[in-house]
Amino acid sequence: MEKLIHFLESMKMTIVGGVTLLVSLGLWLTDVNIAFDPAWITIIICGLPLLWLAVTRLIRQRWVSSALLIVVAMMACIYIGELFAAGEVAFIMALGALLEDYAVARAKRGVNKLLCLAPDEARLIDNGQEQMVSALSIAVGNVVRVLPGEKITVDGEVVTGSTLVDQSIITGESLPIEKTVGDSVFCGTMNCYGSIDIRATKAGEDTSLKKMIRMVQEAEAHKAPMQRIVDKWATWLVFIALGIAIITYILTGCLERAVTVLVVFCPCALALATPVSIIAGIGQATKFGVLIKSGEALETMGHITSIAFDKTGTLTKGELSVSDVLVFSNNHQPKDIIHIAAICEARSEHPLGKAIVAAAQITETEEASDFTMMPGKGVCAIVAGKRAVCGKQSYLEENGIHLNSKVLQPLERLSSEGKAGVLVGYDGHCIGLVALSDVLRPEACNVMTELSQMNIETIMLTGDNRHAAEYMSHKLDISQYRAELLPTDKVTAIASLQNEGKAVCMVGDGVNDAPALKTADVSVAMGNMGSDIAIEASDITLIGDDLNRLPYLKRLSNAVVFSIKFNIALSMLINFIAITLSVLGLLPPVTGALVHNIGSVLVVLNAALLYDRKI
């Protein structure tokens with residue numbers, strides 16, 4: 001909020017400075033003299049902050065910046081009475097700084113939203129008694145109880161009960177994971193079904209969620225802000241400008257020529273070259289449903305050599321659907337298998353059961369009787385007068401249904417493809433198998449092909465098991481994959497690629513992707529599907545979740561970088577011509593200031609062309 005207020009105040013003062021400068025120009029052109037030149041207001045409003053910046057950098061940071069050259073030129077113009085020229089250089093630099101602030105401004109609310117995921121209270125079990133306490137008071141070794149629909153308060157091990165846990169914010173897995181006695185759970189994940197007791201192995205600041213928060217904060221702190229190209233060359237510009245001005249005065253004895261050299265040497269167009277091109281690029285991207293939060297991100301995208309993708313919700317839609325229906329009975333068709341399974345699962349709370357019901361078209365009259373459910377195993381019911389059993393291999397066998405290799409081999413194959421299988425038993429026999437999987441984005445294959453043609457390496461980083469990752473990477477023709485990753489592992493993977501000298505872009509959608517998004521050189525979040533935290537942590541957001549925008553982003557960044565380089569070259573050429581004319585005495589300070597502004601105008605016009613260019 002403070003930064004927004006500061007930006008609005010700066011914009012208001014810059015507008016006032018521009019208006020008074022125009023009034024001063026009008027008085028000069030009409031040859032009207034008044035006691036107080038309005039250019040003084042521009043000098044005070046736009047020049048004093050520049051003076052403070054130049055002195056601060058010179059004394060405290062020992063940095064000879066471009067601001068120093070502008071201050072010297074401004075003071076020289078005031079000394080010889082050319083107030084309009086002094087106000088003009090101050091205003092142009094203030095405008096350039098304002099444009100850059102606008103281009104690189106970005107929201108940093110993601111860490112606060114991440115903190116909200118940590119539960120405030122916990123159900124502590126002490127001597128068999130349950131009491132509500134602050135989550136921060138839980139210590140390692142304490143036992144806490146988590147009811148259905150509550151967030152888990154610690155990293156720990158299940159000591160009582162069984163349940164399904166949605167741990168997508170930590171691992172990114174698309175399916176809730178079954179947890180029973182002895183299994184590990186993570187702080188901040190959601191208990192979906194049963195009540196469980198957990199013995200804390202990590203609590204407070206040591207939990208996986210708090211570590212993830214710290215990684216986001218550290219990665220944010222290590223990201224340096226974009227520096228204007230003019231400031232990189234500032235030291236040379238200052239000494240070269242002063243040198244030429246001094247030599248001009250010595251050779252000609254004319255102070256006005258020396259001052260004119262300083263005025264036309266001011267890097268106004270050079271200061272505008274980067275921000276206006278970036279703003280134009282960001283504006284064009286917005287038209288195509290891509291939000292770019294910083295100029296640095298757009299510029300960096302042009303240097304990317306590798307793109308790392310999260311799987312669930314990024315390469316896939318994050319939605320379970322029926323992918324295969326296998327029939328093991330001569331008396332049934334695939335539609336019969338899904339129909340019987342849907343009636344049996346109609347009252348199930350399991351995500352797989354809900355997906356099967358959603359895939360089938362059953363009426364309210366087709367209701368099962370004698371419904372029973374075994375958490376983590378399956379369901380059974382009477383369907384059309386016969387006993388139906390849906391679930392795992394062990395559950396069907398417990399209900400007296402024998403499974404042979406005809407059933408087990410396809411089940412194993414589907415599992416290796418990362419699909420979840422629900423066996424369907426009916427009237428004492430296994431009649432079929434319903435397989436469910438996440439839905440692959442239709443454009444994913446074409447995007448991988450196009451990125452490969454652009455010599456971009458693609459990597460998949462996922463919390464899913466190795467078999468699912470291997471199957472998906474082969475299907476998409478992705479260069480390499482890394483599976484069974486926690487948020488810390490994804491950060492390590494990104495860092496290892498960077499250590500190999502690669503510029504890495506990370507594309508993700510979940511809370512668990514936030515640290516990796518912050519660590520990457522540039523990051524992209526899926527806007528519609530993605531979590532608010534992933535969107536806040538990213539540099540770029542795809543509003544329509546369209547992966548086709550990634551190759552477009554690469555081409556746009558290349559165009560922006562080219563535009564910046566062209567603008568710099570153009571401004572330097574105009575400055576060279578203006579300096580030559582100033583040394584020869586053909587340009588007075590005011591005319592020199594106006595001519596030198598031609599470079600600034602051309603830079604802005606060239607950037608405007610980038611806004612509508614077909615990329």
Whether [X] side chain and [Y] backbone form a donor-acceptor pair below 3.5 Å:
X: Asn399; Y: Leu396; value: no
X: Lys179; Y: Ser184; value: yes
X: Asn142; Y: Ile138; value: no

Assess the residue pair Arg387 and Asp370 against the criterion (salt bridge (Lys or Arg N to Asp or Glu O under 4.0 Å)); give the C-alpha distance rounded to whole Å, side-chain angles, the decisive distance to 0.1 Å, and a yes or no. CA-CA 9 Å; Arg387 186 174 180 80; Asp370 294 337; over 6 Å; no
Return yes if a side-chain donor-acceptor contact under 3.5 Å exists between [X] and [Y], otherwise no.
X: Tyr552; Y: Gln284; answer: yes
X: Arg482; Y: Ser496; answer: yes
X: Asp521; Y: Thr300; answer: no

To the closest 0.5 Å, what do you measure between [atom1] ([X]) and [atom2] ([Y])?
X: Ile307; Y: Ser523; atom1: CD1; atom2: OG; result: 12.0 Å
X: Leu553; Y: Leu542; atom1: CG; atom2: CG; result: 6.5 Å
X: Glu450; Y: Glu443; atom1: CD; atom2: CD; result: 11.5 Å

Do [X] and [Y] come close enough that some side-chain heavy atom pair is under 4.5 Å?
X: Leu147; Y: Asn191; result: no
X: Leu440; Y: Met472; result: yes
X: Glu121; Y: Thr153; result: no
X: Leu497; Y: Ile459; result: yes
X: Val407; Y: Gln393; result: no

Apply salt bridge (Lys or Arg N to Asp or Glu O under 4.0 Å) to the pair Glu178 and Lys392, showing each step before the final yes or no. CA-CA 12 Å; Glu178 296 172 2; Lys392 289 186 172 182; 2.5 Å; yes
Set out, in order, the CA-CA distance, both residues' side-chain angles and the distance that settles salt bridge (Lys or Arg N to Asp or Glu O under 4.0 Å) for Glu484 and Arg466, then state yes or no. CA-CA 7 Å; Glu484 300 175 358; Arg466 184 179 60 82; over 6 Å; no
List the steps, then state whether side chain to side chain contact (heavy atoms under 4.5 Å, CB included) holds for Asp155 with Val185. CA-CA 6 Å; Asp155 285 6; Val185 292; over 6 Å; no
With sequence neighbours excluded, what pairs up with Arg549 under the salt bridge (charged side-chain N to carboxylate O under 4.0 Å, His left out) test?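 Testing Arg549 for salt bridge (charged side-chain N to carboxylate O under 4.0 Å, His left out), a comparison that skips the adjacent residues, returns none.
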Among Ile340, Val327, Asp336, which residue satisfies the side-chain contact (heavy atoms from CB on, under 4.5 Å) criterion with Ile431?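 By the side-chain contact (heavy atoms from CB on, under 4.5 Å) criterion, Ile431 pairs with just one of Ile340, Val327, Asp336: Ile340.
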